[in-house]
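So the structure is just underneath, and the comments pick up after that.
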There are 2 protein chains.
Amino acid sequence: MDELTIHEILARALLAGRIPAGTKLGEHQLAEVFGVSRERVRKVLHRLGHERLLNLVKNRGAFAIEPDPREARMVYEARRILEGGIVAHLCDHLTDAQAVRLREHMEAEEAALRAGDRATWIRLSGTFHLMLAEMTENAIIVRQAQELVGRTVMLVTFYEPDSASACGCDEHRSICRAVTARERSKAIKAMSSHLSLVETRLRPRPFSGPGVSLDVVLVEELEAHYARSGNAP
Amino acid sequence: MDELTIHEILARALLAGRIPAGTKLGEHQLAEVFGVSRERVRKVLHRLGHERLLNLVKNRGAFAIEPDPREARMVYEARRILEGGIVAHLCDHLTDAQAVRLREHMEAEEAALRAGDRATWIRLSGTFHLMLAEMTENAIIVRQAQELVGRTVMLVTFYEPDSASACGCDEHRSICRAVTARERSKAIKAMSSHLSLVETRLRPRPFSGPGVSLDVVLVEELEAHYARSGNAP
DNA sequence: TCGCCCATGATTGTGCACAATTGTCCATCG
DNA sequence: CGATGGACAATTGTGCACAATCATGGGCGA
């Protein structure tokens with residue numbers, strides 16, 4: 001069991017909201033589940049803490065972060081600023097090929113929505129923002145956008161555990177129109193109001209039961225990982 | 001010697017370009033200089049590697065990153081995107097108090113330039129961009145901007161070891177004007193062209209001699225740290 | 001009965017010793 | 001003379017044992 005693998009599994013589980021907020025991730029516990037030594041787990045935990053996916057408390061342990069409304073507002077505002085910069089940049093640098101890719105993506109999104117394929121629609125809707133970031137062809141910006149989008153997904157799964165709503169299609173459409181028309185100010189405003197709308201769709205979640213135990217979740221994630229890439233225990 | 005202190009000293013030395021690019025930072029060596037155990041240094045080194053201030057090579061060690069032109073272009077473009085988003089945001093959210101602070105900063109910059117106080121001017125010129133980021137009052141954006149500005153400083157000290165040039169004053173002035181006038185598109189263009197100008201001022205450095213040994217540099221940084229905050233060995 | 005204090009158990013932090021990997025140098029062979 | 005192979009030295013990675021720290025619960029006193 002590689003340490004990169006452990007990191008990937010935990011990060012994926014955290015970002016997908018599989019591990020309830022506030023859950024304590026004990027070093028010994030994780031070491032036993034993954035069948036590795038404690039030090040291996042330690043390094044991964046510290047790395048996840050540095051990536052703001054876990055709360056590290058000195059001499060207490062690592063806990064899955066519990067989003068508070070202040071942080072949610074901060075994340076969404078950061079996205080408005082960063083992604084506003086992205087679309088402004090794209091207004092000046094979008095290539096024809098990228099414009100085609102954008103249009104194709106929009107059509108796929110709308111087709112999935114019309115066809116009632118909710119799963120596909122949610123997935124496409126989520127990758128739209130990352131797609132815009134990738135079109136800057138700037139690794140730094142892509143990483144920053146990924147980090148923010150990841151934290152957004154955590155927020156959504158926390159505040160809306162059931163509905164798992166996606167972005168509005170027409171809002172994406174208007175962003176695309178503004179970018180391809182090279183209208184900088186309009187693109188920024190479209191992106192900003194779109195993200196604000198997404199933010200207002202968040203509702204304070206009624207209650208968050210502990211659900212199943214952490215061990216069970218981790219074993220599930222472990223098996224899911226093996227199912228994804230070469231099933232070798 | 002706290003581990004946070006070690007991290008701060010090394011980060012500061014790296015960002016200021018005091019440690020020549022490509023320098024190997026051996027764990028045993030650092031442990032001896034700081035008078036701590038090797039594990040303490042290890043953790044700091046890994047953290048610095050995760051912050052992209054060091055190149056970590058498995059089973060080889062940690063090396064001060066050597067900037068290549070590709071990375072320089074990437075950093076400056078990322079700054080154009082991010083800081084473009086920042087000024088666009090400020091166009092809509094700048095308070096009167098912030099506008100006053102901006103104007104005061106500009107006047108201080110120009111005063112230092114007129115007075116020939118080069119050191120002050122360079123410092124003020126460097127904090128201008130961070131000041132804009134802080135005015136978003138968003139911790140995430142501030143951190144991202146700090147990271148990019150830090151890497152820029154590294155690039156500048158690498159490519160222009162002697163001149164240590166700063167930003168152009170009138171360029172800052174025009175950015176301020178556009179922001180306070182709430183002219184979004186003009187502000188973005190001003191920031192973008194300003195950063196492009198700064199980028200073109202970089203010259204491929206003629207030669208990078210090894211200079212003094214790493215130990216000497218570190219001891220200097222250590223003493224500088226003690227001089228800054230409570231001189232206790 | 002309520003509140004405080006201390007002992008105890010559990011969990012994380014740290015130093016140390018050993019294992020693994022890599023780079024280098026020298027000898028030997030083609 | 002150049003190339004290749006192996007052994008050695010140096011450095012990093014890892015597991016283990018112990019120390020430090022914090023929550024918990026029971027006992028004692030007012």
Side-chain angles (χ1 to χ4, degrees), chain A residues 1-11 13-14 19-66 210 213-218 233, chain B residues 1-11 13-14 19-66 210 213-219 222 233:
Chain A
M1 172 67 63
D2 194 324
E3 92 175 32
L4 279 178
T5 311
I6 299 179
H7 175 85
E8 183 189 335
I9 293 178
L10 282 180
L14 258 346
I19 299 177
T23 305
K24 175 180 172 62
L25 302 178
E27 298 180 353
H28 191 67
Q29 179 185 22
L30 294 182
E32 195 146 346
V33 170
F34 289 113
V36 299
S37 75
R38 194 166 68 92
E39 332 296 306
R40 194 81 58 103
V41 173
R42 260 178 93 69
K43 247 177 28 181
V44 175
L45 250 40
H46 285 151
R47 185 172 163 195
L48 288 169
H50 194 255
E51 294 167 4
R52 311 263 162 191
L53 285 168
L54 289 178
N55 265 339
L56 297 187
V57 186
K58 190 169 170 67
N59 287 319
R60 289 284 315 279
F63 303 84
I65 64 173
E66 9 199 350
S213 90
L214 178 59
D215 296 291
V216 176
V217 174
L218 287 179
Chain B
M1 172 67 64
D2 194 325
E3 92 177 29
L4 279 178
T5 310
I6 300 179
H7 174 86
E8 183 189 336
I9 293 177
L10 283 179
L14 258 347
I19 298 176
T23 305
K24 175 181 171 62
L25 303 179
E27 297 180 355
H28 190 68
Q29 180 185 20
L30 296 182
E32 195 145 349
V33 170
F34 289 112
V36 298
S37 74
R38 196 165 67 91
E39 331 296 304
R40 194 82 55 104
V41 173
R42 260 179 94 71
K43 247 179 25 181
V44 174
L45 252 41
H46 284 148
R47 183 170 163 197
L48 289 169
H50 194 255
E51 295 167 5
R52 312 264 163 190
L53 285 167
L54 289 177
N55 264 338
L56 297 186
V57 186
K58 191 171 169 62
N59 287 319
R60 288 286 313 282
F63 303 85
I65 64 173
E66 10 201 348
S213 90
L214 176 59
D215 296 292
V216 177
V217 174
L218 287 180
V219 171
L222 204 61

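In this text, all values refer to a predicted model and were calculated from it rather than measured experimentally. Chain naming here is simple, since letters A, B, ... match the order of the sequence lines and numbering starts at 1 in each. Below, each value reflects all heavy atoms present in this structure, side chains not excepted, and no hydrogens, waters or symmetry copies.
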Qualifying residues under ring-ring contact (aromatic ring centres under 6.0 Å, His included), relative to B:H28, sequence neighbours excluded: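 Not a single residue meets the ring-ring contact (aromatic ring centres under 6.0 Å, His included) criterion with B:H28.
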side-chain contact (heavy atoms from CB on, under 4.5 Å) involving A:N59 - partner list, sequence neighbours excluded: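 Applying side-chain contact (heavy atoms from CB on, under 4.5 Å) to A:N59 gives none.
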All salt bridge (Lys or Arg N to Asp or Glu O under 4.0 Å) counterparts of A:E66, not counting sequence neighbours: none
Bounds of contact between DNA chain C and chain B, in 5' to 3' order, using a heavy-atom cut-off under 4.0 Å: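 Terminal contacting nucleotides, 5' to 3': C:dT14 to C:dG23.
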Members of residues 49-62 of chain B that approach DNA chain D, where some heavy atom sits under 4.0 Å away: B:N59, B:R60, B:G61
Nearest-0.5 Å distance, NE2 of residue B:H7 to CD1 of residue B:I9: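 One finds 11.0 Å between NE2 of B:H7 and CD1 of B:I9.
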Sugar-phosphate only, base, or nothing, as touched by A:R42 at under 4.0 Å among non-hydrogen atoms: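 It contacts base atoms.
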Touch class at under 4.0 angstrom, heavy-atom based, for B:R40 against every strand present: sugar-phosphate
Residue pairs passing the salt bridge (Lys or Arg N to Asp or Glu O under 4.0 Å) test where at least one lies in residues 50-63 of chain B, sequence neighbours excluded: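 The answer is B:R47-B:E51.
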Pairwise salt bridge (Lys or Arg N to Asp or Glu O under 4.0 Å) hits with a residue in residues 37-46 of chain A, at least two apart: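 Checked against salt bridge (Lys or Arg N to Asp or Glu O under 4.0 Å) - neighbours excluded - the pairs reaching residues 37-46 of chain A are A:E3-A:K43, A:E27-A:R38, A:E27-A:R42.
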Shortest non-hydrogen separation from B:I19 to B:A64 and the atoms involved: CG2-CB, 4.2 Å
Minimum heavy-atom distance between A:A11 and A:L53, given as atom pair plus value: CB-CD1, 4.1 Å
5′-ward residue of the pair A:E39/B:H28 relative to DNA chain D: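 Its nearest nucleotide being more 5', the pick is B:H28.
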